[in-house]
**Q** 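If you scroll down you'll find the structure; I have some questions about it.
Numbers restart at 1 for each chain; the letters A, B, ... are given by sequence-line order, proteins then strands.
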Protein chains: 2
Amino acid sequence: MGLTRTEIFTLEQNQLAVLLKALAHPARIAILQHIIATKSCVCGDLVEELGLAQATISQHLRELKNVGIIQGTIEGVSVCYCINEEVWGVLQEQLNNFFNAYRGTSGCC
Amino acid sequence: MGLTRTEIFTLEQNQLAVLLKALAHPARIAILQHIIATKSCVCGDLVEELGLAQATISQHLRELKNVGIIQGTIEGVSVCYCINEEVWGVLQEQLNNFFNAYRGTSGCC
DNA sequence: TTTATTTATCGTAATATTGCAATATAATAT
DNA sequence: ATATTATATTGCAATATTACGATAAATAAA
């Protein structure tokens with residue numbers, strides 16, 4: 001127990017869940033918004049920007065990197081993170097599929 | 001520690017995170033898809049449909065209900081669940097805001 | 001080489017999530 | 001009233017998440 005039974009769900013359901021879980025934290029939402037806002041990618045100023053410890057930010061970045069939403073390239077001493085367009089697109093498409101399935105009231109409750 | 005520091009994030013960031021967290025599980029995605037697919041709302045056939053124990057399904061339903069994504073009305077012995085249009089709309093809008101902020105490559109990494 | 005800077009990793013404490021059996025609750029039917 | 005059916009709640013074990021201090025690793029500057 002305590003372990004999600006992924007084997008009983010479809011690949012898409014599991015994939016979407018994994019991507020959404022990576023987004024489902026205010027710090028990671030803030031990190032992504034900051035990466036998007038500061039066109040020039042992002043380095044370690046996230047630690048100042050948000051009020052979390054460096055280790056915590058690094059951990060959140062790794063989670064986003066693990067599911068592929070962002071990617072990082074070493075740039076001298078620091079690391080530059082940015083959106084991975086491909087995965088970002090997959091996420092958007094899967095979300096669209098999900099939301100488009102719903103068409104207004106089913107008129108029941 | 002072990003507790004998300006919501007106080008350092010905006011209301012919107014926290015709200016979106018809470019909604020996404022409710023979605024971020026394959027069982028809850030499957031439940032929503034089933035509710036959407038079977039127009040006539042849904043009752044307890046989710047237990048048969050997905051392969052999870054009744055207590056587990058009930059728990060997932062409660063989580064979705066807690067954040068307002070679905071609502072349930074008693075219908076005789078059973079309960080009929082359906083999408084809460086208002087919250088569904090809020091979620092879609094907040095997601096749109098989030099994704100629309102990103103416009104193509106930032107051209108950095 | 002030594003030092004500073006930046007990021008990653010490890011270890012750990014506190015808390016949350018997942019899943020289920022057992023049981024409780026609520027509504028209908030007999 | 002009693003039985004039946006459907007859903008909710010409780011309690012628990014296994015695992016995951018969140019946050020952070022301490023420390024390691026990697027690069028650049030002196």
**Q** May I ask you to list the residues of residues 10-21 of chain B, by number, that have any heavy atom positioned under 4.0 Å from an atom of DNA chain C?
**A**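 B:Lys21, in order of number.
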**Q** When you measure from the side chain of A:Arg28 to the backbone N and O of A:Leu23, does any donor-acceptor pair fall under 3.5 Å?
**A**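 No: the side chain of A:Arg28 does not pair with the backbone of A:Leu23.
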**Q** Going by side-chain hydrogen bond (donor to acceptor under 3.5 Å, both in side chains), name the residues that satisfy it together with A:Gln59, two or more places apart in sequence or in a different chain.
**A**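 Here no residue qualifies.
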**Q** Can you tell me how far CD of B:Glu63 sits from NE2 of B:His25, rounded to the nearest 0.5 angstrom?
**A**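 Output value for this atom pair is 8.5 Å.
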**Q** Rounded to the Å, how far apart are B:Leu64 CG and D:dA8 C1'?
**A**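 Taking CG of B:Leu64 and C1' of D:dA8, I get 15 Å after rounding.
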**Q** Report the residues that fulfil side-chain hydrogen bond (donor to acceptor under 3.5 Å, both in side chains) with B:Gln71, sequence neighbours left out, ordered by chain and then residue number.
**A**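 Counting only residues at least two positions away or on another chain, B:Gln71 forms no side-chain hydrogen bond (donor to acceptor under 3.5 Å, both in side chains).
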**Q** Run the side-chain contact (heavy atoms from CB on, under 4.5 Å) test against A:Thr56 and tell me which residues pass, sequence neighbours left out.
**A**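 For A:Thr56, the residues satisfying side-chain contact (heavy atoms from CB on, under 4.5 Å) (neighbours in sequence not counted) are A:Leu52, A:Ala53, A:His60.
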**Q** To the nearest Å, how far apart are B:Ile31 CD1 and C:dT18 P?
**A**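 After rounding, the reported distance stands at 11 Å.
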**Q** Does B:Thr6 have any side-chain hydrogen bond (donor to acceptor under 3.5 Å, both in side chains) partners at least two apart in sequence or in another chain, and if so, which?
**A**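 Once residues adjacent in sequence are excluded, B:Thr6 has no partner under the side-chain hydrogen bond (donor to acceptor under 3.5 Å, both in side chains) criterion.
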**Q** How many Å lie between CZ on A:Arg5 and P on D:dA16, as a whole number?
**A**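 About 16 Å, once rounded to whole Å.
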**Q** Look at all strands and tell whether B:Thr4 reaches a base, only sugar-phosphate, or nothing, counting heavy atoms closer than 4.0 Å.
**A**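 Answer is sugar-phosphate: B:Thr4 comes under 4.0 Å of backbone atoms only.
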**Q** Restricting to side-chain hydrogen bond (donor to acceptor under 3.5 Å, both in side chains), what partner residues turn up for A:Ser58, sequence neighbours left out?
**A**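 A:Ser58 satisfies side-chain hydrogen bond (donor to acceptor under 3.5 Å, both in side chains) with no other residue.
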**Q** Under the rule for salt bridge (Lys or Arg N to Asp or Glu O under 4.0 Å), what residues qualify as partners of A:Arg5, not counting sequence neighbours?
**A**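 Applying salt bridge (Lys or Arg N to Asp or Glu O under 4.0 Å) to A:Arg5 gives A:Glu7.
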**Q** Counting the atoms with a prime plus P, OP1 and OP2 as sugar-phosphate, which does B:Glu63 contact under 4.0 Å by heavy atoms, base, sugar-phosphate, or nothing?
**A**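 If one applies the 4.0 Å heavy-atom cut-off, B:Glu63 turns out to touch the sugar-phosphate alone, with no base involved.
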**Q** Rounded off to whole Å, could you give me the OH-to-C1' distance for the A:Tyr81 and C:dT7 pair?
**A**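 Those two atoms, OH and C1', are 7 Å apart.
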**Q** Without decimals, in angstroms, what is the distance between A:Leu50 CG and D:dA19 P?
**A**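 Atom CG in A:Leu50 sits about 11 Å away from atom P in D:dA19.
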**Q** Only distances under 3.5 Å count here; give the side-chain donor-acceptor pairs of residues 90-99 of chain B to other protein atoms, sequence neighbours excluded, each with its distance to 0.1 Å.
**A**
| unit_1 | atom_1 | unit_2 | atom_2 | d |
| --- | --- | --- | --- | --- |
| B:Gln94 | NE2 | B:Gln15 | OE1 | 2.9 |
| B:Asn96 | ND2 | B:Gln92 | O | 3.4 |

**Q** How many whole angstroms separate atom CG of B:Leu61 from atom P of D:dA6?
**A**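 To the nearest whole Å, that distance equals 15 Å.
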**Q** Summarise protein proximity over nucleotides 22-30 of chain D in one line of letters, 5' to 3': B for base, S for sugar-phosphate only, - for none, counting protein heavy atoms closer than 4.0 Å.
**A** B----BS--
**Q** Is any side-chain nitrogen or oxygen of A:Ser78 closer than 4.0 Å to OP1 or OP2 of C:dT6?
**A**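 Negative; the distance criterion is not met.
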**Q** Kindly work out whether a path of hydrophobic side-chain contacts (I/L/V/M/F/W/Y, heavy atoms less than 4.5 Å apart) joins B:Ile57 to B:Val77.
**A**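 Different hydrophobic clusters.
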**Q** For B:Arg62 and for A:Ala24, locate the closest nucleotide of DNA chain D by heavy-atom distance; then report the residue assigned to the nucleotide nearer the 5' terminus.
**A**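 This one resolves to B:Arg62.
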**Q** Name the closest nucleotide to the A:His25 side chain, picking from D:dA19, C:dT15, C:dA8.
**A**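 Comparing D:dA19, C:dT15, C:dA8 against the side chain of A:His25, the answer is D:dA19.
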**Q** Using whole Å, what does the distance between atom P of nucleotide D:dT7 and atom CD1 of B:Ile57 come to?
**A**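 Whole-Å distance recorded here is 11 Å.
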**Q** Return the value, rounded to whole Å, for the distance between atom CD of A:Gln59 and atom P of D:dC20.
**A**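 Rounded to the whole Å, the gap is 10 Å.
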**Q** What does B:Thr56 touch in the nucleic acid at a heavy-atom separation under 4.0 angstrom: a base, only the sugar-phosphate, or nothing?
**A**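 Counting heavy atoms under 4.0 Å across all strands, the contact made by B:Thr56 includes a base.
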**Q** Using a cut-off of 4.0 Å on non-hydrogen atoms, how would the nucleic acid contact of B:Leu52 be classed: base, sugar-phosphate, or nothing?
**A**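 Here B:Leu52 touches the backbone only, sparing every base.
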